[in-house]
Amino acid sequence: MAKKPSDKELRARVKLFGNLLGNILHAQAGGRVLKAVEMLRKGYIGLRETDNPRRRARLSRLIATLDPLTLTHVVRAFSTYFSLVNIAEEAYQHRQRRYQVHKGGPLWLGSFDHTLRQFYSQGVSAEQLQTLLNRLAYIPVITAHPTESKRQTIMEALRRIFITSERLNDTNLSASERVEITQTLEGQIQILWKTDEVRATRPQVRDEIKNGLLYFHECLFQAVPTTYRYLEKAIEKTYGKDITGQAIVVPSFLRFGSWIGGDRDGNPNVKPETTILALRLKAQAVVLEYLKRVISLSRILTHSSQLCQPSRALLDSLNVNEPFISKAFAENLDRFRHEPYRRKLYIIRHRLECNLITIRKRLGCHPEPVREGGYANEAALLTDLYLIHDSLCSHGDRTIADGELKDLIRLVETFGFFLLYMDVRQESSRHSIAVAELFAQLPHGKVDYAALSEQERMQVLADTIAQGGIMQIERSSLSAQ
């Protein structure tokens with residue numbers, strides 16, 4: 001049983017971070033900076049406990065006497081300290097949640113476990129829960145913030161500090177190992193101290209796009225399948241099997257949206273070309289993730305057809321895939337001949353590489369069609385993955401099928417070949433002007449859309465949509481805007 005984390009551990013970690021930062025301030029910024037930081041820190045802690053106008057005035061005078069360089073160091077010191085405190089608090093809360101999981105009892109408010117226990121106690125049946133899941137859609141939207149000051153470099157540095165500090169929780173560490181980890185931690189904090197917190201220049205939209213993609217590479221590609229696993233376990237724990245003996249099926253209800261690269265209202269630098277760039281960078285990111293996982297699976301699913309019987313559907317698919325064989329196995333056409341899953345995965349890998357080549361050529365502004373051999377859409381990729389999954393289940397390997405392979409299936413069901421739904425935001429008057437130009441070309445008489453009231457506009461739009469069909473537009477007469 002895991003040990004319950006205590007407030008004392010949190011305080012000890014905050015103290016360690018404070019001491020390490022103090023060492024760095026003394027060595028790198030000088031004693032005056034450290035002295036000012038400590039006086040202000042202790043002084044304002046005292047004011048929080050008991051207000052004292054005279055002490056508050058003294059602290060204000062101290063701040064006023066600091067020269068610009070020292071004041072800059074002091075501000076950065078507090079900023080760095082509070083970032084470290086946040087790391088300590090997040091780690092502490094994470095350990096608290098893990099302790100609750102190890103206890104095996106009810107989990108925290110908002111957890112899958114807590115929610116499903118509520119459903120069960122309120123009489124929600126397994127059949128009703130399945131209906132709810134089938135209708136469920138959860139679509140977090142990643143927003144665009146061109147004024148976001150925190151650099152990707154800073155976020156990566158803070159993550160390294162978090163990971164290193166977590167190693168100190170190992171109770172089996174020797175004294176020398178603990179010292180070594182602490183020294184590494186101090187070095188990482190020193191790097192953070194010497195790294196610019198804000199960009200020297202305003203970030204470009206391409207920087208915003210890459211910053212948004214960082215969350216997928218660092219956590220979301222891992223978190224999505226893990227989230228589904230947690231939900232499935234919580235459902236099984238609370239509901240077990242339904243009255244027909246069938247397990248409740250959790251569909252892939254997660255999708256993601258973003259207007260990074262499409263926020264033409266909030267950022268004048270976002271052009272149509274920017275939106276195209278964003279879409280292609282996102283497509284590249286998700287295909288690279290699929291490739292990484294397919295390569296990993298090809299090292300895991302090493303089943304021999306001489307030791308198990310793959311499904312006829314899978315074997316037939318390999319025959320259908322013969323056109324890809326010469327390219328996927330150019331050096332050895334008989335490679336993995338008796339390892340059908342590896343053979344299939346190498347074909348999938350080859351086809352994904354064709355998709356990646358297409359995306360990269362398009363990023364280079366070449367109007368490239370999907371490279372021969374590449375997947376036309378995610379449905380085709382999912383068909384291949386489902387074949388492998390079903391075949392594994394057919395010869396008693398469901399546990400293996402529901403491992404890394406199912407994680408990949410969850411990712412493809414969630415992200416497709418597009419990663420995110422793109423919201424294109426535009427100032428409303430631009431839309432009004434565009435609609436007015438379109439209505440001016442109506443075949444049954446022009447409509448002065450711009451002169452209509454809001455209610456009249458709504459009626460005209462509703463009537464036009466109800467008529468159906470496609471408007472015949474003379475594109476050459478439309479304005480560039």
With side chains defined as the heavy atoms from C-beta onward, is the minimum distance between [X] and [Y] less than 4.5 Å?
X	Y	value
Arg342	Leu297	no
Arg362	Thr358	yes
His73	Trp193	yes
Arg280	Gln284	no
Thr227	Phe112	yes
Val14	Glu89	no
Glu378	Glu413	no
Val74	Ile63	no

Is a side-chain donor or acceptor of [X] paired with a backbone partner of [Y] at a separation under 3.5 angstrom?
X	Y	result
Ser258	Leu420	no
Thr414	Arg255	no
Ser296	Lys292	no
Asn355	Gly374	no
Arg56	Asp51	no
Arg13	Ala88	no
Ser111	Trp108	yes
Asp384	Leu387	no
Ser121	Gln118	yes
Ser391	Ile388	no

Which heavy atom in [X] sits nearest to a heavy atom in [Y], and how many Å separate them?
X	Y	result
Ile209	Thr274	CD1-O, 4.4 Å
Leu133	Pro251	O-CG, 3.3 Å
Arg351	Gly373	NE-O, 2.8 Å
Leu382	Ile409	CD2-O, 4.0 Å
Leu345	Val294	O-CG1, 3.4 Å
Arg299	Thr302	O-CG2, 3.6 Å

Practice item. May I have the step-by-step check of side chain to side chain contact (heavy atoms under 4.5 Å, CB included) for Thr72 and Val75, ending in yes or no? Key: CA-CA 5 Å; Thr72 298; Val75 171; 5.9 Å; no
Measuring from atom [atom1] of [X] to atom [atom2] of [Y], what distance do you get when rounded to the nearest 0.5 angstrom?
X	Y	atom1	atom2	value
Lys194	Thr80	NZ	OG1	13.0 Å
Asn86	Phe17	CG	CZ	10.5 Å
Leu185	Ile189	CG	CD1	4.5 Å
Leu84	Leu20	CG	CG	8.5 Å
Ile400	His395	CD1	NE2	8.5 Å

*asked:* In this structure, is the centre-to-centre distance between the rings of Phe216 and Phe415 below 6.0 Å?
replied: yes
Practice task
Under the salt bridge (Lys or Arg N to Asp or Glu O under 4.0 Å) rule, what do Glu289 and Arg293 come out as? Steps first, then yes or no, please.
Solution key: CA-CA 6 Å; Glu289 181 66 22; Arg293 289 177 179 258; 2.7 Å; yes
Report task. Go through the steps for Glu177 and Arg167 under the test salt bridge (Lys or Arg N to Asp or Glu O under 4.0 Å), then give the verdict. Result -> CA-CA 10 Å; Glu177 288 174 327; Arg167 293 170 57 195; over 6 Å; no
(Q) Tell me whether the rings of Tyr341 and His303 are parallel (<30°), tilted (30 to 60°) or perpendicular (>60°). (A) perpendicular
message: Go through it in stages, so that I can follow the logic: the residues are Lys282 and Phe418, the test is side chain to side chain contact (heavy atoms under 4.5 Å, CB included), and I'd like the CA-CA distance, side-chain angles, deciding distance and then a yes or no.
response: CA-CA 6 Å; Lys282 291 166 186 177; Phe418 56 91; over 6 Å; no
Just by distance, with hydrogens left out, do [X] and [Y] show a side-chain donor and acceptor under 3.5 Å apart?
X	Y	result
Arg58	Asn52	no
Asp7	Tyr92	no
Thr164	Gln188	yes
Glu197	Ser79	yes
Arg410	Ser252	yes
Thr70	Asp67	yes
Glu232	Tyr228	no
Asn134	Gln130	yes

Using a cut-off of 6.0 Å, state whether more than 12 heavy atoms not belonging to [X] lie near its atom [atom1].
X	atom1	answer
His26	NE2	no
Tyr215	OH	no
Arg178	CZ	yes
Lys35	NZ	no

Salt bridge [X]-[Y], side-chain N to carboxylate O under 4.0 Å:
X	Y	answer
Arg41	Glu38	yes
Asp113	Lys233	no
Arg349	Glu353	yes
Glu156	Arg159	no

Side chain to side chain contact (heavy atoms under 4.5 Å, CB included) for Leu254 and Ile139? Distances and angles first, verdict last. CA-CA 6 Å; Leu254 271 170; Ile139 309 175; over 6 Å; no
Start with the C-alpha gap between Phe256 and Tyr421, add the side-chain angles, then the distance that decides, and say whether ring-ring contact (aromatic ring centres under 6.0 Å, His included) holds. CA-CA 6 Å; Phe256 289 82; Tyr421 291 112; 9.9 Å; no
Can Arg117 be said to sit on top of Tyr120's aromatic six-ring, NZ or CZ under 6.0 Å from centre and within 45° of the ring axis? no
List the steps and the verdict of side chain to side chain contact (heavy atoms under 4.5 Å, CB included) for Leu381 and Tyr290.
-> CA-CA 10 Å; Leu381 172 57; Tyr290 296 161; 4.0 Å; yes
Those residues at least two apart in sequence (or on a different chain) that pass side-chain hydrogen bond (donor to acceptor under 3.5 Å, both in side chains) with Glu180 are none
